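First up is the structure itself, then whatever we jot down about it.
Naming convention: chains lettered A, B, ... in sequence-line order (proteins, then strands); numbering from 1 in each chain. Hydrogens, waters and symmetry mates play no part in the numbers below; they use all other heavy atoms, side chains included. All values derive from a computational prediction rather than experimental measurement.
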Amino acid sequence: MSDAQKQPQNAPKKQNDNLKLPTREQDFSKWYIEVISRAKLADNSDVRGSMVIRPNGYAIWENMQRVLDGMFKDTGHQNAYFPLLIPESYLAKEAKHVADFAPQVAVVTHAGGKALPEGERYVIRPTSETIINRSFTNWVQSYRDLPILINQWANVMRWEMRPRLFLRTTEFLWQEGHTCHASEAEATEETLRMLDVYERFAEDYMAMPVIKGQKTESEKFPGAVNTYSIEAMMQDKKALQAGTSHMLGQNFAKMFDTMYQSKEGKKEYVWQTSWGVSTRLIGALIMTHSDDAGLVVPPKLAPLQVVIIIIGKTPEERGPVREKAHAMAADLKKAGVRVLVDDDETKGPGFKYAEYELRGACLRVDMGPKDLAKNEVTLARRDTRSKETIQVESTVARCHELLEQMQKDLFEKAKAFRAANTHEVNTVEELKAKADDGFLLMHWDGTPETEKRFKEEFGVTTRNRPFDLKQEPGKCVLTGNPSTGRIVFAKAY
RNA sequence: CGGGGCGUAGCGCAGUCUGGUAGCGCGUCUGCCUUGGGCGCAGAAGGUCGUCGGUUCGAAUCCGGCCGCCCCGACCA
């Protein structure tokens, strides 16, 4: 008799496949979409490429914002806000650079009930270098006005052909830092300082290991002298650019005459930087840690760190449990833990277990009459899905410990995954075999032509040239021409 | 924008080939029951079959246009 036939009569309640997520193995991108939908993070809207960020998703963004904003303030930056609409002529000013943006830009052609004349139209910001420089030009007179260190939290719009929730939407939320400095050295220092901030945020808060490095000529921001990025590996082994920091040189200063008078009384163009991360990070977070049961979020950014589930057969049984649960929640809250008591009477505990796993609550406390009789509760961990029984009094301390441990473990796990899927590749055969297999460290002759061949023939693109990879000369995998050092290639989002 | 797939109840799908009263599972609502891994029973509500047009006595079904979603490319944070 086969296993399928000998279902015992008291078989545990049948699993309903309707309720399960597709697995990452089966279909990674369907899994991703489903996690977002089932965890109630975001919806597609009727405007193609635009999303509705739901409270559960927005709460993650708020946590990210809070942490990043603190880091920006700690490095001397101030927030400001610049307009959504940018005179089209501003973009024309930098046609040479921002021509690259043109296909992605939405233009306002009508306003006030009539068509706007050519030359008086607006674009919806795809990024704000131009309009911010317009202000900087007014703000900067003297070297005494420098540096200017500004950040803005805003929405931007880039028309996308293939939108994907959080990763690539036509409208998205981000922060863009914009700074002016008196020297090239200072601007470079700032560019790298903010890249470090992003690295620290990604690793210490998102528990997502990243590679810091420099973008190639063809991958850099239009208008920048140099672009640096942090690159992360998702669970499908594809690379995701998680943040960028640009050294803009004097390119925008020259377009907008952003000048200062030096100590020597000479007029000089300012040196500038810009840097940003976006709601894309939410997508990165999902694809780095989540599993087939749903969302997994590192405790430092999790909207819900502990959920308390009340169990009991009758209202008489549940009453005292509920009371205890709320007291415990108050203690946890006092200790700085984001906690929720689920005392919804209309849903059973099994349902709630599955629900909070889907939603990514880091820890779950199960509390029933049997536990309380023994002065215990059950504590379940989301990432490892392990359970333990603890004394009621030790709950706060144990939750703190586990949250801290989970934060560390998630990072280590992601790091190990990346290490297992990073390869030095030296031949075309290896490249063929490993093209889908994560980060490939390869020699490349440095020409855009060869870079293009890597992309067209193998689907891999340059991610960045890592700072912490020793650069030793070698031979380009494709052409055999000399290379100055290895660079990260991968299939990328 | 090119290639492929799909659009039927809130969600997942069958029905389309071969035209003839709109179906299933989950969810929702009501009542009872239940609560330590998505409980059970009974009843109910809910759909202009993406949209516009054509063929036909009759279209979810056949034909055409358009829109949207997913996958693969080109583009991108």
Side-chain angles (χ1 to χ4, degrees), chain A residues 12-22 27-30 32-34 37-38 43-49 100-105 126-127 156-176 198 215 218-222 227 229-232 239-246 274-284 293-294 309-315 317-318 321 342-358 364-372 376-378 380 385 387 389 452 455-456 459 461 491-493:
Chain A
K13 295 148 196 165
K14 57 181 182 287
Q15 281 287 331
N16 191 330
D17 289 341
N18 237 335
L19 299 172
K20 280 204 193 141
L21 291 168
D27 188 339
F28 192 82
S29 78
K30 190 158 189 200
Y32 174 75
I33 303 284
E34 278 286 306
S37 141
R38 301 278 296 278
D43 295 331
N44 266 314
S45 82
D46 287 342
V47 180
R48 186 187 142 73
D100 297 32
F101 265 122
Q104 288 192 282
V105 169
T127 177
V156 287
M157 183 164 275
R158 298 179 188 178
W159 219 255
E160 290 294 346
M161 302 188 222
R162 236 178 99 186
R164 205 156 146 62
L165 286 170
F166 290 118
L167 298 181
R168 200 183 306 102
T169 48
T170 285
E171 181 187 359
F172 58 95
L173 306 182
W174 77 346
Q175 72 44 231
E176 44 180 328
Y198 288 155
K215 285 290 195 184
S218 64
E219 292 274 337
K220 78 179 191 193
F221 172 72
T227 290
S229 71
I230 52 171
E231 303 281 335
L240 184 86
Q241 178 175 302
T244 49
S245 186
H246 314 290
S274 70
W275 27 274
V277 296
S278 70
T279 36
R280 168 177 259 202
L281 290 182
I282 298 172
I309 308 285
I310 293 164
I311 297 160
K313 282 196 205 312
T314 60
E317 246 179 25
R318 274 175 256 139
V321 178
D342 188 335
D343 49 12
D344 182 348
E345 297 269 316
T346 68
K347 304 265 197 284
F351 179 91
K352 293 179 183 177
Y353 297 163
E355 184 67 14
Y356 287 102
E357 278 163 9
L358 220 35
R364 193 186 72 229
V365 174
D366 300 339
M367 194 189 275
K370 287 185 224 160
D371 296 307
L372 289 192
E376 291 172 351
V377 289
T378 303
R385 306 189 76 186
K387 291 185 196 176
T389 304
K452 207 170 158 194
K455 185 173 186 178
E456 283 172 2
T461 53
K491 296 209 168 159
Y493 276 101

**Request:** Please work out if A/L167 contacts a base, only the sugar-phosphate, or nothing of the nucleic acid, heavy-atom cut-off 4.0 Å.
**Result:** base
**Message:** Strictly below 4.0 Å, N to O, side chains only: are A/R38 and A/E357 in salt-bridge contact?
**Reply:** no
**Message:** Need one value for A/G348: base, sugar-phosphate or nothing, where a base atom within 4.0 Å counts as base even if backbone is also close, heavy atoms only.
**Reply:** base
**Message:** Suppose we call a contact any N or O donor and acceptor under 3.5 Å apart; does that hold for the side chain of A/K387 and the base of B/G36?
**Reply:** no
**Request:** Would you indicate what A/E357 reaches in the nucleic acid, counting non-hydrogen atoms under 4.0 angstrom: base, sugar-phosphate, or nothing?
**Result:** base
**Request:** Would you indicate, yes or no, if B/C71 has its OP1 or OP2 atom less than 4.0 angstrom from a side-chain nitrogen or oxygen of A/R164?
**Result:** yes
**Message:** Could you tell me how far apart A/L165 (CG) and B/G68 (P) are, to the nearest whole angstrom?
**Reply:** 16 Å
**Item:** Nearest-neighbour nucleotide for the A/S278 side chain, B/C72, B/A77, B/G37 considered
**Value:** B/A77
**Request:** Using the six-membered ring of A/F172, assess whether NZ or CZ of A/R280 lies under 6.0 Å from its centre and within 45 degrees of the ring axis.
**Result:** no
**Message:** Using the C1' atom as the point on both nucleotides, what is the distance between B/G47 and B/U51, in whole Å?
**Reply:** 16 Å
**Message:** Is it the case that the base of B/C76 and the side chain of A/R168 share a donor-acceptor contact (distance under 3.5 Å, atom types as modelled)?
**Reply:** yes
**Item:** A/K452 NZ to B/A74 P, straight-line distance once rounded to whole Å
**Value:** 11 Å
**Prompt:** With both distances kept under 3.5 Å, what pairs with B/A59, Watson-Crick or G-U wobble?
**Reply:** none
**Request:** Taking only the side-chain heavy atoms of A/R162 (C-beta and beyond), determine which of B/C72, B/C76, B/A77 contains the nearest atom.
**Result:** B/C72
**Request:** With a 3.5 angstrom cut-off on both distances, give the Watson-Crick or G-U wobble partner of B/G2, or none if there isn't one.
**Result:** B/C72
**Prompt:** Considering only the P atoms, how many Å lie between B/C29 and B/C70, rounded to the nearest integer?
**Reply:** 29 Å
**Prompt:** Distance between the C1' atoms of B/C62 and B/C17, in whole angstroms?
**Reply:** 11 Å
**Request:** Write down the distance between CG (A/L21) and C1' (B/G37), rounded to a whole number of angstrom.
**Result:** 15 Å
**Request:** Return the value, rounded to whole Å, for the distance between atom CE of A/M157 and atom C1' of B/C76.
**Result:** 15 Å
**For B/A22, the Watson-Crick or wobble partner whose two distances fall under 3.5 Å** = none
**Item:** Listed nucleotide nearest any side-chain atom of A/F351, set B/G36, B/A77, B/C39
**Value:** B/C39
**Request:** Take A/E355 and A/D342 through the side chain to side chain contact (heavy atoms under 4.5 Å, CB included) test and state the conclusion after the steps.
**Result:** CA-CA 11 Å; A/E355 184 67 14; A/D342 188 335; over 6 Å; no
**Message:** Is the phosphate of B/C75 approached by A/K455 (side-chain N or O, under 4.0 Å from OP1 or OP2)?
**Reply:** yes
**Request:** Can you figure out which of B/C76, B/G36, B/U28 approaches the side chain of A/I311 most closely?
**Result:** B/G36
**Prompt:** Touch check for A/S29, heavy atoms < 4.0 angstrom, all strands: base, sugar-phosphate only, or nothing?
**Reply:** sugar-phosphate
**Message:** If I take atom CD in residue A/E34 and atom C1' in nucleotide B/C26, what distance separates them, rounded to the nearest angstrom?
**Reply:** 13 Å
**Message:** Using whole Å, what does the distance between atom C1' of nucleotide B/A74 and atom CD of A/E219 come to?
**Reply:** 14 Å
**Asked** Separation of A/W159 atom CH2 from B/A77 atom P, in whole Å?
**Response** 17 Å
**Message:** So, applying side-chain hydrogen bond (donor to acceptor under 3.5 Å, both in side chains) with A/T227, which one of A/H246, A/Q241, A/E219 is it?
**Reply:** A/H246
**Request:** Find the distance A/N44:CG to B/G68:C1' and express it as a whole number of Å.
**Result:** 10 Å
**Request:** Check every strand shown and say whether A/T346 touches a base, only sugar-phosphate, or nothing at a heavy-atom separation below 4.0 Å.
**Result:** nothing
**Request:** In whole angstrom, give me the gap between the C1' atoms of B/C11 and B/G4.
**Result:** 25 Å
**Item:** Sugar-phosphate only, base, or nothing, as touched by A/K370 at under 4.0 Å among non-hydrogen atoms
**Value:** base
**A/K387 side chain reached by A/R364 side chain, heavy atoms, under 4.5 Å** = yes
**Message:** Pairing check on B/C39: which nucleotide meets the Watson-Crick or G-U wobble criteria with it, both distances under 3.5 Å?
**Reply:** none
